[in-house]
Undergrad: 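Can you keep this structure in mind? I'll have questions shortly.
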Amino acid sequence: TSSSFSLRVNNDRTGDDKMAKNYKPKEAKNCEWVDDTLSKIKIFYIKEKASHTSKRKRGSTTIYLSDYPNLTPTEFMAEAKAQQEELTTMYEEMQGDDLYDPTLTFGSFLYHWYDTAIVTAPENALATSTKVGYLAHIKKIATRDEHGYIKAQDPIADVLISDLQKRTVYVDQFARRFVASNPDFSPATFKRHFATYRNAINKGVWWKVFKENPLSDLSNLSLPKDEIKRGKPEVTAKLIDAIWEIAEGDDVEVALTIAIYTGFHNSELLGLRWSDIKNLESTEPSEPTEVHLYQTHHRVNGNPHHIRSPKNVYRSGMRCVLGNDVSLWLKEYKQKQIQLAKGEWSEDRPIISNHRGVAYTNNFLSRRMRKWRVQLPDNFAPFNARTDKDGGLTFKRLRGAYATFLRHAHVDSITVRDAMGHSDEKTTKTYYDSVSHNDKVLAGNQLGNVIPFSRGQNPDEKYTMGE
């Protein structure tokens, strides 16, 4: 049952097990020992029971013997059991049906869920940015003034909970109306909105406000992805030359240069440090300039300078090698930055940073790219559009150009995949702009070298396999 309690010694415990057996034979688990002395116990309890709409959720907490200096180990175990039963009882009482109200509308329910499950319940404490995000999603359906009055922003807000469960047509109409009224939303944004509503109703099932989740089918809602504005490689090369000329002398020109020759994401560009560029000072031809990646830069919980490890193992470590010309340019740029630092230089300094060594933000790079691209001539439309959605040039678009240029340089797809930091080659293929006619001609010639066409010839002489 949810109130069951048992203890056992961890498998890695060293020492005399007889001491543990004196406490609780065969039932001593989730204990931690220090020098054969019981130090703490981890207890588990059921926060939410399993249902057909959600999995069972467990909670856990750890109690320490140091907080109970007057208790013997046996009494300490009894205290742990008592606390576990108290937590289990508390959560079972929270799953009552006293919340059900036949006059409750969907809009009122969303705010009740927000207040109860996020703001007031300490066990559900979330980051500030998450709370703000949830509230932004809810306001798409209904808003609430300082007096608690609910004003519907969508007709589904005034639908009674009882009617919402009976007529799935409400849900279908809501989804279609939501998509049609927010054409600028990306598929990811739609997913976040609908995930918020599903999570709210899953909580309502737990509270017995709903019998089942009428929004569960929205997880399969398919939305058209934005069409990527692509161009031929030769046009893209001219585009890069033009944007490079516009950005020349800018304080973040280095971001554009590194993005072109590494294909890094914004977060990866911002996470690069000078210590991640290996052999930049070397003059030996056998020691090329290597670009490594060990951290990425994000905005989390209002902090615009949150550092994380790379997304996966494929994005960590040595990613690519810079050519001699780029290495020389980057070396000269570094010397200028050292002079500007005025004795406060560090190799761990972010490459894309201001004169004080503070890294720029993702939004800053996006705004700077917008400033550059609107200066492009009309013949580069739509890459000179002001907004990203209209096809304006972005750092991500440069990432696709990087992959395409590698393929046109006849780099094999596995190497391109590793340089892009992808775990699956299928993902890499989505970044290619096109396959040129010359590539196809080269493929045919190479096949002719491996399998020469000579009808009637001895098979042993025909298939030489490059001998």
Undergrad: Are Thr394 and Asn266 side-chain neighbours, meaning at least one heavy-atom pair lies under 4.5 Å?
TA: no
Undergrad: Please assess Glu281 against Lys334 for the test salt bridge (Lys or Arg N to Asp or Glu O under 4.0 Å), listing each intermediate value before the final yes or no.
TA: CA-CA 10 Å; Glu281 308 294 338; Lys334 180 180 180 180; 3.4 Å; yes
Undergrad: Does the side chain of Trp244 reach to within under 4.5 Å of the side chain of Glu253, using non-hydrogen atoms?
TA: yes
Undergrad: Restricting to ring-ring contact (aromatic ring centres under 6.0 Å, His included), what partner residues turn up for His265, sequence neighbours left out?
TA: none
Undergrad: What's the shortest heavy-atom distance between Glu287 and Ser282, and which atoms?
TA: OE1-OG, 2.6 Å
Undergrad: Are there more than 12 heavy atoms of other residues, nucleotides or ligands under 6.0 Å from atom CZ of Arg177?
TA: yes
Undergrad: Contact between Arg315 and His422 at the side-chain level, heavy atoms closer than 4.5 Å - yes or no?
TA: yes
Undergrad: How far does OG of Ser316 sit from OH of Tyr294, to the nearest 0.5 angstrom?
TA: 7.0 Å
Undergrad: Are Thr105 and Asp158 close enough, and set up right, to give a side-chain hydrogen bond (donor to acceptor under 3.5 Å, both in side chains), and what steps lead you there?
TA: CA-CA 5 Å; Thr105 63; Asp158 291 331; 5.5 Å; no
Undergrad: If you measure from CD1 on Ile352 to CZ on Arg368, what distance do you get to the nearest 0.5 Å?
TA: 12.0 Å
Undergrad: Calculate, to the nearest 0.5 Å, the distance between atoms CZ and CG belonging to Phe364 and Leu270 respectively.
TA: 10.5 Å
Undergrad: Measure centre to centre between the rings of Phe210 and Phe109, then say whether the value is under 6.0 Å.
TA: yes
Undergrad: Begin with the C-alpha distance, continue with both residues' side-chain angles, and end with the deciding distance and a verdict on salt bridge (Lys or Arg N to Asp or Glu O under 4.0 Å) for Arg273 and Asp276.
TA: CA-CA 5 Å; Arg273 300 162 297 184; Asp276 297 331; 3.2 Å; yes
Undergrad: May I ask you to decide if the ring planes of Phe174 and Phe194 are parallel, tilted or perpendicular, using 30° and 60° as cut-offs?
TA: perpendicular
Undergrad: Heavy-atom count around Glu425 CD within 6.0 Å, excluding the residue itself: above 12?
TA: yes
Undergrad: Is a side-chain donor or acceptor of Gln375 paired with a backbone partner of Lys371 at a separation under 3.5 angstrom?
TA: yes
Undergrad: Can you find a heavy atom in the side chain of Trp372 that is under 4.5 Å from one in the side chain of Leu393?
TA: no
Undergrad: Should Leu330 and Thr289 count as side-chain neighbours, where that means a heavy-atom distance under 4.5 Å?
TA: no
Undergrad: Quick one: does Arg373's side chain have a donor or acceptor within less than 3.5 Å of a partner on Arg386's backbone?
TA: yes
Undergrad: Please work out whether the ring planes of Trp274 and Trp345 are parallel, tilted or perpendicular, with thresholds of 30° and 60°.
TA: tilted
Undergrad: Tell me which pairs pass ring-ring contact (aromatic ring centres under 6.0 Å, His included) where either residue lies in residues 386-405, with sequence neighbours left out.
TA: none
Undergrad: Is the backbone of Val411 close enough, under 3.5 Å, to the side chain of Arg407 for a donor and an acceptor to pair up by distance?
TA: yes
Undergrad: Could you state the interatomic distance from CH2 (Trp329) to OG1 (Thr257), rounded to the nearest 0.5 Å?
TA: 3.5 Å
Undergrad: Please check: side-chain N/O of Arg319 versus main-chain N/O of Ala419, any donor-acceptor pairing under 3.5 Å?
TA: yes
Undergrad: Would you please test Asp412 and Thr415 for side-chain hydrogen bond (donor to acceptor under 3.5 Å, both in side chains) and show each step?
TA: CA-CA 6 Å; Asp412 65 273; Thr415 303; 2.8 Å; yes
Undergrad: Please determine whether the number of non-hydrogen atoms from other residues, nucleotides or ligands lying under 6.0 Å from atom CG of Asn324 exceeds 12.
TA: no
Undergrad: Find the distance between CD1 (Ile201) and OG1 (Thr196) and round it off to the nearest 0.5 Å.
TA: 11.5 Å
Undergrad: Counting N and O atoms only, with roles assigned by atom type, does the side chain of Arg399 sit under 3.5 Å from a partner on the main chain of Met420, one being a donor and the other an acceptor?
TA: yes
Undergrad: Going through the checks in order, is the side chain to side chain contact (heavy atoms under 4.5 Å, CB included) test met by Tyr134 and Asn199?
TA: CA-CA 10 Å; Tyr134 279 178; Asn199 291 341; 4.1 Å; yes
Undergrad: State, with a plain yes or no, whether a side-chain heavy atom of Tyr114 is found less than 4.5 Å away from one of His137.
TA: no
Undergrad: Is there a side-chain contact between His297 and Ile307 in this structure, where contact means two heavy atoms from C-beta onward sitting under 4.5 Å apart?
TA: yes
Undergrad: Counting only heavy atoms not in Lys278, do more than 12 sit closer than 6.0 Å to its NZ atom?
TA: yes
Undergrad: Using a cut-off of 6.0 Å, state whether more than 12 heavy atoms not belonging to Asp325 lie near its atom CG.
TA: no
Undergrad: When rounded to the nearest 0.5 angstrom, what is the spacing between CG in Asp115 and CG in Leu110?
TA: 11.0 Å
Undergrad: If you define the side chain from C-beta out and look only at heavy atoms, does anything of Ile156 sit under 4.5 Å from Leu164?
TA: yes
